[in-house]
Amino acid sequence: MVNLPPQTTRSKNKQAGLNPHATTYLVKLTENNQIYESTLVQRVSPPTSVSELMQRVEAIAGTTLGELAAQFQFKSPEDLLKEKGWPGQLIEHVLGASAGSKPVPDFEQIGVELKTLPISYQGKPLETTYVSIVPLTELTGLTWQQSSVKKKLSHVLWLPILAERDIAPVDRTIGTGFLWQPSFEQEAQLRRDWEEQIELIALGRIQEISGHLGEVMQIRPKAANSKVLTDAIGPDGGLIKTLPRGFYLKTQFTQSILLDHFSN
DNA sequence: TATTGATCATAC
DNA sequence: GTATGATCAATA
């Protein structure tokens with residue numbers, strides 16, 4: 001695969017009605033020196049300020065995922081049976097989030113984490129919100145302040161998407177995104193759930209943990225399938241193999257975030 | 001029908 | 001396997 005120099009510039013993108021923050025590249029897939037496919041890809045520059053990010057967020061409010069996908073030559077799956085992460089990946093791309101699976105905020109320069117939030121016709125969250133992997137070993141001395149949950153949720157850009165299952169992914173409408181930081185009480189709730197469940201894990205009682213625990217944040221499996229195993233502390237203090245877990249925000253919690261924001 | 005447990009794509 | 005992005009689907 002050959003990555004050629006930019007074929008269109010920022011200004012040309014503007015003329016063509018494309019996103020002025022995006023630079024378009026022509027990528028040619030070659031084999032035996034023969035070009036068998038050419039495709040345009042775009043790279044959107046990371047926002048350099050919160051206000052720049054929010055301008056982009058406002059610009060996509062009211063559009064559909066399909067419209068954005070077409071505009072950015074992004075694939076559009078017919079359903080999300082596979083590619084479950086498509087909405088988030090598309091929005092990341094459009095807003096200029098740093099790509100990859102690095103353990104840093106989506107908008108690294110400004111320390112903001114992006115979370116798409118599927119909502120119903122009534123505006124209620126349809127799914128829990130994944131936060132981060134749950135550490136299962138080497139927990140001694142780990143504090144809430146150091147936790148990935150605390151870091152991830154310190155500054156979040158919530159982007160509601162009308163995502164009822166009877167709406168095709170491409171026809172799902174993007175709502176009004178907004179920034180959020182946990183209130184004192186919200187952080188206290190998160191901290192209690194984190195400490196209570198991490199404590200159980202540290203005590204070797206991970207097998208007692210299910211999605212039922214946690215007032216606003218639960219622990220559930222987070223793996224390719226139920227056969228994936230990782231190390232955890234066992235009942236006798238030694239290491240055992242168990243399913244990898246993740247922290248998820250319960251829908252009532254994210255709903256309260258929406259209500260706090262949109263009812264004022 | 002709300003919730004918990006299971007799963008899918010991708011990058012490394 | 002770990003970690004990113006999440007939603008699907010069986011169960012209670």
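Bear in mind the structure is a predicted one, so any value in this text is a computation, not a measurement. Here is how names work: the chains are called A, B, and so on, in the same order as the sequence lines, proteins then strands, and each is numbered from 1.
When each of A/Trp86 and A/Asp231 is assigned the nucleotide of DNA chain C bearing its nearest heavy atom, the one mapping closer to the 5' terminus is A/Asp231.
In this structure, A/Lys115 places its NZ atom 8 Å from C1' of C/dA6, rounding to the nearest Å. In this entry the distance linking CG of A/Leu159 with P of C/dA6 reads 10 Å, nearest Å. Atom CG of A/Leu136 is separated from atom P of C/dT2 by 9 Å (rounded to the nearest Å). The distance between atom NZ of A/Lys152 and atom P of C/dT2, rounded to the nearest whole Å, is 15 Å. Distance, A/Leu90 CG to C/dG5 C1': 12 Å, rounded to whole Å. One atom, CG of A/Asp79, and another, P of C/dA6, lie 18 Å apart when rounded to the nearest Å. For the pair A/Arg165 CZ and C/dA10 P, the computed distance is 10 Å after rounding to whole Å. When the P atom of B/dA9 is taken as reference, atom CD of A/Glu92 falls 18 Å away, rounded to whole Å.
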Could you tabulate the donor-acceptor pairs under 3.5 Å formed by side-chain atoms of residues 232-249 of chain A, not counting sequence neighbours?
unit_1, atom_1, unit_2, atom_2, d
A/Lys241, NZ, A/Asp231, OD1, 3.0
A/Thr242, OG1, A/Arg245, NH2, 2.8
A/Arg245, NE, A/Leu243, O, 2.7
A/Tyr248, OH, A/Pro221, O, 3.1

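Remark: A/Tyr130 is not in phosphate contact with C/dG5, judged by side-chain N or O atoms under 4.0 Å from OP1 or OP2. Of the side-chain N and O atoms in A/Lys75, one or more sit less than 4.0 angstrom from OP1 or OP2 of B/dT10.
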**Message:** Apply salt bridge (Lys or Arg N to Asp or Glu O under 4.0 Å) to residues A/Glu185 and A/Arg192 and explain how you reach the verdict.
**Reply:** CA-CA 11 Å; A/Glu185 177 56 25; A/Arg192 284 195 297 272; 3.6 Å; yes

**Message:** Using side chain to side chain contact (heavy atoms under 4.5 Å, CB included), reason through A/Lys124 and A/Thr251 one step at a time and then give a plain yes or no.
**Reply:** CA-CA 8 Å; A/Lys124 295 170 60 173; A/Thr251 54; over 6 Å; no

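Between A/Glu196 and A/Arg205, none of the side-chain N atoms (NZ, or NE/NH1/NH2) sits under 4.0 Å from a carboxylate O, so this pair counts as no salt bridge.
Of the possible donor and acceptor atoms, one in the side chain of A/Trp86 sits under 3.5 Å from a partner among the backbone N and O of A/Lys75. The closest donor-acceptor contact from the side chain of A/Gln197 to the backbone of A/Asp193 lies under 3.5 Å.
Within a 6.0 Å radius of CD in A/Glu138, other residues, nucleotides and ligands contribute 12 heavy atoms or fewer. Atom CZ of A/Phe184 sits in a sparse spot, with 12 or fewer heavy atoms from other residues, nucleotides or ligands closer than 6.0 Å.
The aromatic rings of A/Phe178 and A/Phe262 sit perpendicular, their planes meeting at an angle over 60°, well past the 30° parallel limit.
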**Fill in**
Letter by letter from the 5' end, nucleotides 2-8 of chain B scores (B base, S sugar-phosphate only, - none; protein heavy atoms under 4.0 Å) -SBBBBB

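Contact check of residues 186-207 of chain A against DNA chain B (heavy atom, cut-off under 4.0 Å) returns no residues at all.
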